[in-house]
Structure formats: C-alpha cells, structure tokens
Amino acid sequence: MGMSHLECEESWRWFMMKLKECLGEDTEVGFISNLCVKIDFAVQSVYPDSYHGYCPKDIARKILDSVGHNDTEVETLFWKSCSAYSVHDFYLCLERLQSACRKPPFCTLLRSPIFWLDDIAISKWTRAFFPKVRYNVKSIDVPEMSQIISTSTREFPITTIIELINTSIKSKYAEWAEVAGRLSGGLTPYVENKVQKCVNKSYNCVARRLYGDTFEVDDNFATNKVQFERRVCSCGKWQKSGIPCGHAIASLRTRTSEAIHEMVDYKFNVVVYPVAFGSESVNSIPSHVHCEIPNERVVLLPP
C-alpha cells in the first residue's frame with residue numbers, strides 16, 4: 001500500500017519503484033488497472049518489460065454510460081468480445097457490438113457512442129490479444145477488499161482506514177487458507193467444474209490425428225487444430241486459460257498416455273493452494289514510528 005498527497009504520474013512512479021524494491025528485479029509482474037494514463041506512465045517507466053492490461057469492468061461501465069443506460073444486449077456483446085479466446089471470435093463479437101451501438105437510439109449522425117473504444121489498444125482489454133494469462137490462483141480483488149470503507153468510516157484517520165483494508169485482506173487470505181486445508185484430490189473444485197463442462201462439449205467433437213501429436217477436431221461449427229506438446233488449440237482456450245478445451249479432450253480419447261488432469265495447468269492443482277495461501281501471510285501495518293518520512297513534506301490544511 002502507498003499513501004500520497006496527490007494521484008499523479010510521479011506518485012504512481014514512486015509506488016511502482018517501492019513495489020519493485022519489495023519484489024526484486026527478476027520477478028515477472030503483470031498489471032491490471034483501471035483506465036488511468038498515470039498508471040500507464042508508471043508501469044512503462046519502472047516495469048518496461050511487464051505486461052499491462054485494463055480491468056474490463058471499467059470499460060464496461062464506460063460503454064454503458066456512453067449508450068445512456070443499462071442495455072443488456074450491448075453489455076452482453078462487450079463481455080463476449082472481452083472474453084473471446086480466439087482472434088476470429090473476438091472480431092465477430094466486436095463487429096456485433098459496434099453494430100448494436102450504431103442502432104437507434106444510441107447512434108448519432110456523427111459517430112457511434114463508443115468511438116473512444118478504438119483508441120484503446122485491444123491487447124489491453126481482450127483475452128484473445130493479451131500476451132499472458134490475465135489472472136491466476138493468486139489473484140486478489142483489492143478494490144473488493146477496500147469496500148469495507150463505508151461512508152461512516154471515511155471520517156477515520158487515514159492510518160485507521162489502511163489498517164481496516166489490511167485486516168480485510170488478511171481475513172480473505174485466512175479464509176482461502178482454510179479452504180486450501182480442506183481440499184483433496186487433483187484439481188480445485190472450480191476447475192473440476194470447468195473441466196467437466198469441457199468434457200461434455202467434447203462429446204460433440206470428432207477428432208482425427210494429422211501427424212505426431214497434432215489433431216484436427218470438428219465441433220460442428222468450426223475445425224480446430226490441437227497440438228499436445230505445446231498445449232495449444234487454435235480455438236485459443238487451452239493456452240489462454242490453462243484448462244483443456246473440448247477439442248483437446250476429444251483428441252485425448254485417441255491417446256492413452258495422458259489423463260485429463262495432467263493437461264490442466266499446474267497452478268490449478270490443489271497442492272498449489274496451501275503454498276499460495278497457507279504458507280504465506282499478509283504483512284501487518286508497521287507502527288508509525290517506522291514510517292518513512294520524505295525530506296520534502298507538503299502540509300495540507302483541513303477544509
């Protein structure tokens with residue numbers, strides 16, 4: 001956590017530099033943030049080789065504000081565009097989204113209400129173009145944790161508010177650590193459910209070997225190519241989510257050397273949860289006597 005008198009480029013850069021001191025130089029880091037150019041500046045300045053994306057919830061809210069009201073069709077098409085695994089599917093969904101926004105009452109004579117979306121790099125918000133897996137087992141929704149700051153607590157001293165947020169995150173870690181202690185088997189319940197859905201879809205697929213570990217799979221809608229050694233499918237899901245798609249599972253039936261759980265990314269194995277949450281803890285807020293006080297301080301008078 002960091003506290004600054006102003007949310008500006010230099011404040012975010014200071015925060016990122018302190019983060020780098022904590023994590024070290026060799027740690028691979030990814031960032032998911034809101035639509036803030038100041039954060040863009042800080043990430044590019046301190047972590048130029050990292051990958052940085054935008055939270056799609058912020059873009060979804062801005063789209064709904066642009067069209068003037070909550071529109072179920074527009075929101076649904078946005079989330080389909082955002083979560084598309086393949087480039088082909090993404091552009092199909094995006095075209096439908098833009099078409100829906102060009103219809104009355106959204107469209108004006110001059111431009112679509114979501115014209116600003118063209119200025120945001122698609123690699124920042126859609127899964128099909130994002131260079132890495134956007135989330136993993138260690139993801140934690142800090143904004144959700146900070147909802148503990150209600151209207152009644154806004155009058156508290158800033159140190160008290162930070163302690164409340166810290167306690168909230170600690171509580172979430174403890175909750176997940178308890179869940180980790182009860183897990184048994186190979187995969188987490190969430191992933192088991194996802195795999196089962198893919199298994200059900202695989203029954204509608206017909207797979208045939210092309211050569212070596214490469215298969216061609218027809219799912220009645222499209223033909224996809226699966227490569228086991230690389231753990232990829234042309235539909236994009238296996239490599240983007242870490243969970244084998246129905247095409248990969250259909251291809252697996254022609255092989256005898258792997259089980260389905262061996263095709264799932266290791267981070268979804270139940271042995272990872274105790275390591276991620278059971279053996280680590282969130283640091284406590286140090287006493288104010290240990291706070292680092294900058295040489296140049298800005299005095300802010302109360303309103």
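Residues take their numbers from the sequence shown, with the count starting at 1.
Between Ile249 atom CD1 and Met263 atom CE the span is 6.0 Å, to the nearest 0.5 Å. Atom CG of Leu97 sits about 4.0 Å away from atom CD1 of Ile114, to the nearest 0.5 Å. To the nearest 0.5 Å, atom SG of residue Cys205 and atom CZ of residue Phe221 are 10.0 Å apart.
In this structure, Lys124 satisfies the cation-pi test against Tyr54, with its NZ or CZ atom closer than 6.0 Å to the six-membered ring centre and inside 45 degrees of the ring normal. The side-chain tip of Arg127 points at the ring of Tyr85 from less than 6.0 angstrom away and within 45° of straight on.
Val226 places none of its side-chain heavy atoms less than 4.5 Å from the side chain of Leu252. No side-chain heavy atom of Trp79 sits under 4.5 Å from any side-chain heavy atom of Val74. Using a 4.5 Å heavy-atom cutoff, the side chains of Lys240 and Lys237 are not in contact. In this structure the side chain of His52 reaches within 4.5 angstrom of the side chain of Ser33, judged on heavy atoms. Using a 4.5 Å heavy-atom threshold, the side chains of Thr214 and Lys225 count as touching. No side-chain heavy atom of Asn269 sits less than 4.5 Å from a side-chain heavy atom of Val264. Proximity of Ile63 to Glu75: side-chain heavy atoms (C-beta onward) are nowhere separated by under 4.5 Å.
Salt-bridge check for Lys20 with Glu25: passed, with a basic side-chain N closer than 4.0 Å to an acidic carboxylate O. A salt bridge links Arg182 and Glu178; the closest N-O separation between the charged side-chain nitrogens and carboxylate oxygens is under 4.0 Å. Classification of Glu216 and Arg208 as a salt-bridged pair holds, one side-chain N sitting under 4.0 Å from a carboxylate O. Ion pair Asp65/Lys62 not flagged as a salt bridge, since none of the NZ, NE, NH1 or NH2 atoms sits closer than 4.0 Å to an Asp/Glu carboxylate oxygen.
Heavy-atom neighbours of Arg231 CZ from other residues, nucleotides or ligands within 6.0 Å: above the threshold of 12. For Glu175, the CD atom is densely surrounded, since the number of other residues' heavy atoms within 6.0 Å is greater than 12. Counting heavy atoms of neighbouring residues, nucleotides and ligands inside a 6.0 Å radius, atom OH of Tyr190 does not exceed 12 of them.
Taking the six-membered ring for Trp and the full ring otherwise, the centers of Trp125 and Phe90 sit less than 6.0 Å from each other. Remark: aromatic rings of Phe31 and Tyr51 are distant, center separation not under 6.0 Å. Checked against the 6.0 Å centroid criterion, the rings of Phe228 and Phe215 qualify as a close aromatic pair.
The minimum heavy-atom distance between Leu94 and Ser81, with the atom names listed, is N-OG, 3.3 Å. Minimum interatomic distance between Leu187 and Val191 (heavy atoms only, all atoms of both residues): CD1-CG1, 4.2 Å. Tyr47 and Met16 get closest at one heavy-atom pair: CE1-O, 3.9 Å. Here the closest non-hydrogen pair linking Trp238 and Cys245 is CB-N, 4.4 Å. Taking all atoms of both residues into account, the shortest heavy-atom contact from Glu7 to Cys36 is OE2-SG, 4.2 Å.
Between the side chains of Gln44 and Asp40, no donor N or O sits under 3.5 Å from an acceptor N or O. Defined by atom type and a distance below 3.5 Å, a donor-acceptor pair is present between the side-chain atoms of Arg253 and Ser202.
Side chain of Thr76 to backbone of Thr72: a donor-acceptor contact under 3.5 angstrom is found.
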